[in-house]
Amino acid sequence: MPEGPSIVILKELTEQFVGKKILEAGGSAKIDMSLLEGQMIVAIRTWGKHYLICLKDVTVRIHLMLFGSYRINEERDANPRLSLKFKKGSLNFYACSVKLIEDDLDDVYDWSADIMSDKWSATSAKKKLKAHPDMLACDALLDQEIFSGSGNIIKCEVLWRVRLHPLTPVGNLPAAKLTELIKETRHYAFDFLEWKKQFVLRKHWAVYSKKKCPRCHIPVIKEVMGKTKRRTFYCNNCQLIYE
DNA sequence: CCGGTTGTTCAGCG
DNA sequence: GCGCTGAACAACCG
């Protein structure tokens, strides 16, 4: 169950298959499995929540959505959407979206939008936010064209960290605050990555699914918000709205 | 035990 | 063609 950092972990766990040949490809995904069989994995890449298995002429795009799961070198008691078998080991995906990308990935993906990428560009994010001044902060942090890889947890935690009310239109943010929001999104994503690796992510949540604000010790508000209509946890005292 | 959800896509409608 | 809404999908946790 994935936000960007979780997909980076998946990439790291599966880099053992780079340079390996797919001996058998199966599963319930409606793709032409014969395009994968006999092919070598050239690279494993990610773009936000997209997990990309790159072959010579085609890329397999896996999106785990809300309920997807995977097993490496083992299987679950469920039908896989995609199952890749190698001489040694296997890679299995369940309840996820599987698509083939035939185009050049550089034409499909704006790498500078990926909050986990080396190519991430805060300047580019700022430009996009400035182009949508009416967009609410809670929606901006879920916009995959701007903050690819950010999800509902990152959204809530980042807004709390920078003391920003989720309903603030991004166009109302003072320049310094806008910069801080962008910077903290990437920063928190890497904290998320480290905590997730250590299995201590939950322990570090400040507002997400929490009852009380750790700063103010007053009840955290839980509300469905924005165009994205997602649950948002926030503190009405220390997260300021700019009007 | 069941309500809720770390997400996206698409049909249908005005 | 547009934006908006709700449905659909799906599996596990607390």
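These numbers come from the heavy atoms of this one structure, side chains and all, not from hydrogens, waters or symmetry mates. Protein chains get the first letters and strands the later ones, always in sequence-line order, with residue 1 at the start of each.
Comparing B:dG7, C:dT5, C:dA10 against the side chain of A:Lys229 picks out C:dT5 as the nearest. Distances from the side chain of A:Arg61 to the nucleotides C:dA10, B:dG7, B:dT9 place B:dT9 closest. When each of C:dC9, C:dA11, C:dC12 is scored by its nearest atom to the side-chain atoms of A:Arg76, the top-ranked nucleotide is C:dC12. Closest contact between the side chain of A:Arg81 and the listed nucleotides C:dA11, C:dC9, B:dT8 involves C:dC9.
In this structure, A:Asp77 places its CG atom 17 Å from P of C:dA10, rounding to the nearest Å. Atoms CE (A:Met65) and P (C:dC9) sit 12 Å apart, rounded to a whole Å. For the pair A:Asn79 CG and C:dA11 C1', the interatomic distance rounds to 14 Å; values are reported in whole Å. Counting to the nearest Å, the C1' atom of B:dT8 and the CG atom of A:Leu64 are 12 Å from each other. To the nearest angstrom, C1' of B:dG7 lies 15 Å from CD1 of A:Ile62. Rounded to whole angstrom, the span from the OH atom of A:Tyr94 across to the C1' atom of C:dC12 amounts to 15 Å. The CG atom of A:Leu66 sits 13 Å away from the P atom of C:dA10 (whole-angstrom rounding). Protein atom CZ of A:Phe67 is 11 Å distant from nucleotide atom C1' of C:dA8, rounded to whole Å.
Remark: A:Phe190 pairs with no residue by the ring-ring contact (aromatic ring centres under 6.0 Å, His included) rule, at least two apart or across chains. For A:Pro80, the side chain to side chain contact (heavy atoms under 4.5 Å, CB included) partners at least two apart in sequence or on another chain are A:Ser83, A:Tyr94. The side-chain hydrogen bond (donor to acceptor under 3.5 Å, both in side chains) check on A:Arg76 picks up A:Ser69, with sequence neighbours excluded.
Between A:Tyr188 and A:Ile153 the shortest side-chain heavy-atom distance falls below 4.5 Å. Counting only heavy atoms from C-beta outward, the side chains of A:Tyr234 and A:Leu167 never approach each other to under 4.5 Å. Within the 4.5 Å cutoff, the side chain of A:Leu142 has no heavy atoms near those of the A:Ile154 side chain. Under the 4.5 Å side-chain criterion, counting only non-hydrogen atoms from C-beta, A:Leu52 is in contact with A:Ile101.
Across the P atoms, B:dC1 and C:dA10 are found 24 Å apart, a figure rounded to whole Å.
Residue A:Lys227 is the one, among A:Lys227 and A:Arg202, whose nearest nucleotide of DNA chain C lies closer to the 5' end (criterion: closest heavy atom).
Using a 4.0 Å cutoff on non-hydrogen atoms, no part of residues 96-119 of chain A comes near DNA chain B. Contacts between residues 129-157 of chain A and DNA chain B, defined by a heavy-atom separation under 4.0 Å, are made by A:Gln144, A:Gly151, A:Asn152, A:Ile153.
Taking the ring centre of A:Trp47 as origin, the terminal cationic atom of A:Arg61 falls outside the region bounded by 6.0 Å and 45° from the ring axis.
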* Please walk me through it: do A:Phe93 and A:Tyr51 pass ring-ring contact (aromatic ring centres under 6.0 Å, His included)? -> CA-CA 11 Å; A:Phe93 296 94; A:Tyr51 173 78; 5.5 Å; yes
* Using the salt bridge (charged side-chain N to carboxylate O under 4.0 Å, His left out) rule, take A:Lys85 and A:Glu75 through it: C-alpha gap first, then chi angles, then the decisive distance, then the call. => CA-CA 11 Å; A:Lys85 300 212 185 330; A:Glu75 288 171 34; 3.7 Å; yes
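Open room surrounds NZ on A:Lys183; 12 or fewer heavy atoms of other groups in view lie less than 6.0 Å from it.
From A:Asp139, atom CG reaches atom NE2 of A:His132 across 11.5 Å, with rounding to the nearest 0.5 Å.
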* For DNA chain C, what dot-bracket results from Watson-Crick or G-U pairs at under 3.5 Å, with [ ] for crossers and | for inter-strand partners? -> .||||||||.||||
